[in-house]
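For reference, the structure discussed in these notes is given below.
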Protein chains: 2
Amino acid sequence: MSSIGIKDVAAIAGVSITTVSRALRNPGRVSEATREKVLAAVNKAGYTPNKFGVGLRTAKSGNIVAIIPDVSDSFNFGVIRAIGRAANKQGYSVLLGDTHGSEERERAYADMVKSRHADGVILFSQHLPFEIEADKPAAQQLPPLVNSCEPVPMPGIPTVTIDNTAAAGEATAHLIGLGHKNIAVITGNMDSPSSRDRLQGFRRAMQAAGLAVNERYIVNGKYTVESGHQGTNQLLLRRDRPSAIFCFSDEMALGCYSSLQEHGFGVPGDMSVMGFDDIHYARHFSPPLTTVAQPVEDIGTHCVDLLLKVMNGDQLDKDLYILPHKLVVRGSTAPLRQ
Amino acid sequence: MSSIGIKDVAAIAGVSITTVSRALRNPGRVSEATREKVLAAVNKAGYTPNKFGVGLRTAKSGNIVAIIPDVSDSFNFGVIRAIGRAANKQGYSVLLGDTHGSEERERAYADMVKSRHADGVILFSQHLPFEIEADKPAAQQLPPLVNSCEPVPMPGIPTVTIDNTAAAGEATAHLIGLGHKNIAVITGNMDSPSSRDRLQGFRRAMQAAGLAVNERYIVNGKYTVESGHQGTNQLLLRRDRPSAIFCFSDEMALGCYSSLQEHGFGVPGDMSVMGFDDIHYARHFSPPLTTVAQPVEDIGTHCVDLLLKVMNGDQLDKDLYILPHKLVVRGSTAPLRQ
DNA sequence: TTGAAAGCGCTAACAT
DNA sequence: ATGTTAGCGCTTTCAA
């Protein structure tokens, strides 16, 4: 834990500290010979530039904060990992901003940009943890920010997401194609745009097939395993049961499975189950879950790339980046038994 | 994104920057009146101290790196969350150091302490990403470091873990108590101390019950869902099948379930399954998984508390902190069918 | 109780 | 191609 500074390296190499700095950042502006001398000295001394010194000069921390309401969700978590990988590749580190649903913590993380703790923010919630003055355009008052998965209803904020409406529509169409007419839905948090969009997609697909939506079949979940379990319980209680359940997240589908199994229903024999997200576990559910895959890796890469552009002051050609989803048919959906 | 500094606050409050600094850090050494004046100015200006300035002076970043080989594991992930919560409570942020198994990244994260990017390290792997000179005590050459879950075989490094041997023993005893004699094991990574300890615990419990261990029943997994699936496939192939499978992680148990289901085996009717970790999903498996719960929240808190002590230069009374585990009996284990 | 001034480690403008 | 020097924002002696 010694404190090797640029001075020590300069001394060893027999050059000025400026030359050391240049050899490291701007190799082109230093002669080949000195550069090698410096590099050798760096190695010998075991020198790593002090972030504070660098940061104070450059006003760049090399950090990105990812603000997430709930990291315990496998899907969010997959995106985080992807973001981490992409950020690392670009020389950035990711600060994990799990807010545990607290607005106070959300604000604390947001403040990290102000305190230069981080250079930019990737936001996973529809809630903007920044104060906006109504009379100015929002985008200009915000720190470098990219919004992921849950589109903030505000223009000028770059957003990376999928077409939730279309995706839910395809999922629904798949069930309809299997002959299902009585299709239930367990939604996510209804204050989240993603869940509202998915519900809309479902309704449209039903309508397009000339099928009526039974409002009693629409149960409010919260994207969590527990809520999937409860939602399914609720649906099974009904005299007229659905033949298929569309869960707006794979986590809820897991809860759905456990409720069905508890009550003696087989999947997909007695009930078809459709998920959303394609989390890592989905293919290992018993039976493997039919679901809509979100391009987690792509989302992460895009978020980071965009954020770096914003941080760099680049002009973006558009705000909204819609990435392709994909219906993944596995064993949890089957033709309606007549 | 303006740049409000201590100077601005000082100007607004009509005091020197020294006084502003003191009012914020050392409120006792400033008169009540001026403190209020300063605080008001801080609020008005929307001032947040610049981390670099502070850090340069204090040589403290307020960051902790958690170095993890694979965050996608739900168990590791639970610990990370707990660490995040605990760290936040103490005013620290957590840098997510997912190494994706790469030693290079591991080293990069370890270097963050040297570059003052972080003040300390929490390590989740048995591999020390630091160069140690053999002739000096290791602990003195290391940055503030706490080791979690996978004890590093090196004295002087504070470690937070559970008694894996005892825990696996209890799990095994539970199966034996249900009448099982032919018990198979799917291990984790065998280069991990945790897996080795668990295997030892298994062997001891079998021996204590006077039961022979069939070496063919011991399959090497990797703690992943996939390896649990493959391991189970392998076991089912055998002419003499076990009646119970002890998976050294819940993730593997999930893979085990899916293999069993694929091949028409019911849990626990045809096969009892025991997990390890008690990840969030375990209770929602179908059937709910019998497993050994690790005290994730406690592990996280202890890691952070210890690390802060180490960073603070406090003398620790011991190196090894063994936290209590707990056998959680759910529906995946049942008495042996005669 | 308060302020002036030095300096933490580094980069970049300017000088050579 | 290299060196000198100012200063990033802050805390902390030291002096008043």
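Reckoned from all heavy atoms, side chains included, excluding hydrogens, waters and symmetry mates. On a predicted model such as this, the values are computed, not experimentally measured, just so you know. All chains are named by letter (A, B, ...) in the order of the sequence lines, taking the proteins before the strands, and each is independently numbered beginning at 1.
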Side-chain donor/acceptor pairs under 3.5 Å, residues 117-124 of chain A, sequence neighbours excluded:
{"unit_1": "A:His117", "atom_1": "NE2", "unit_2": "B:Asn63", "atom_2": "OD1", "d": "3.3"}
{"unit_1": "A:His117", "atom_1": "NE2", "unit_2": "B:Asn63", "atom_2": "ND2", "d": "2.8"}
{"unit_1": "A:Asp119", "atom_1": "OD1", "unit_2": "A:Ser61", "atom_2": "N", "d": "2.8"}
{"unit_1": "A:Asp119", "atom_1": "OD1", "unit_2": "A:Ser61", "atom_2": "OG", "d": "2.9"}
{"unit_1": "A:Asp119", "atom_1": "OD2", "unit_2": "A:Ser61", "atom_2": "N", "d": "3.1"}
{"unit_1": "A:Asp119", "atom_1": "OD2", "unit_2": "A:Ser61", "atom_2": "OG", "d": "3.4"}
{"unit_1": "A:Asp119", "atom_1": "OD2", "unit_2": "A:Gly62", "atom_2": "N", "d": "2.8"}

Compile the donor-acceptor pairs under 3.5 Å between side chains in residues 294-301 of chain A and protein atoms, sequence neighbours left out, one pair per line.
{"unit_1": "A:Gln294", "atom_1": "NE2", "unit_2": "A:Asp277", "atom_2": "OD1", "d": "2.9"}
{"unit_1": "A:Glu297", "atom_1": "OE1", "unit_2": "A:Arg85", "atom_2": "NH2", "d": "2.9"}
{"unit_1": "A:Glu297", "atom_1": "OE2", "unit_2": "A:Arg85", "atom_2": "NE", "d": "3.0"}
{"unit_1": "A:Glu297", "atom_1": "OE2", "unit_2": "A:Arg85", "atom_2": "NH2", "d": "3.1"}
{"unit_1": "A:Thr301", "atom_1": "OG1", "unit_2": "A:Glu297", "atom_2": "O", "d": "2.7"}

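Comparing D:dC8, D:dC10, C:dA4 by their nearest atom to the side chain of B:Asn50 picks out D:dC10. With C:dG9, C:dC10, D:dC10 as the candidates, the nucleotide lying closest to the side chain of A:Arg25 is C:dC10. Comparing C:dT11, D:dC10, D:dG3 by their nearest atom to the side chain of A:Ser16 picks out D:dG3.
The closest side-chain heavy-atom distance from B:Gln90 to B:Asp305 is below 4.5 Å.
A donor-acceptor pair shorter than 3.5 Å cannot be found between the side chains of A:Ser21 and A:Thr18.
Axis orientation changes by 40° from one end of the helix from C:dT1-D:dA16 to C:dT16-D:dA1 to the other, with each end axis drawn from 5 pairs and the value rounded to 10°.
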Return the polar atom pairs (N/O with N/O) between nucleotides 13-16 of chain D and the protein under 3.5 Å, or none.
none

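Under 4.0 angstrom from either OP1 or OP2 of C:dG7 there lies no side-chain N or O belonging to B:Arg57. Taking side-chain N and O atoms only, B:Thr19 has no distance below 4.0 Å to OP1 or OP2 of C:dT2.
Within residues 30-47 of chain B, the residues approached by DNA chain C to less than 4.0 Å at the level of any non-hydrogen atom are B:Val30, B:Ser31, B:Thr34, in residue-number order.
Residues that satisfy the side-chain contact (heavy atoms from CB on, under 4.5 Å) test with A:Lys7, not counting sequence neighbours, are A:Ile17.
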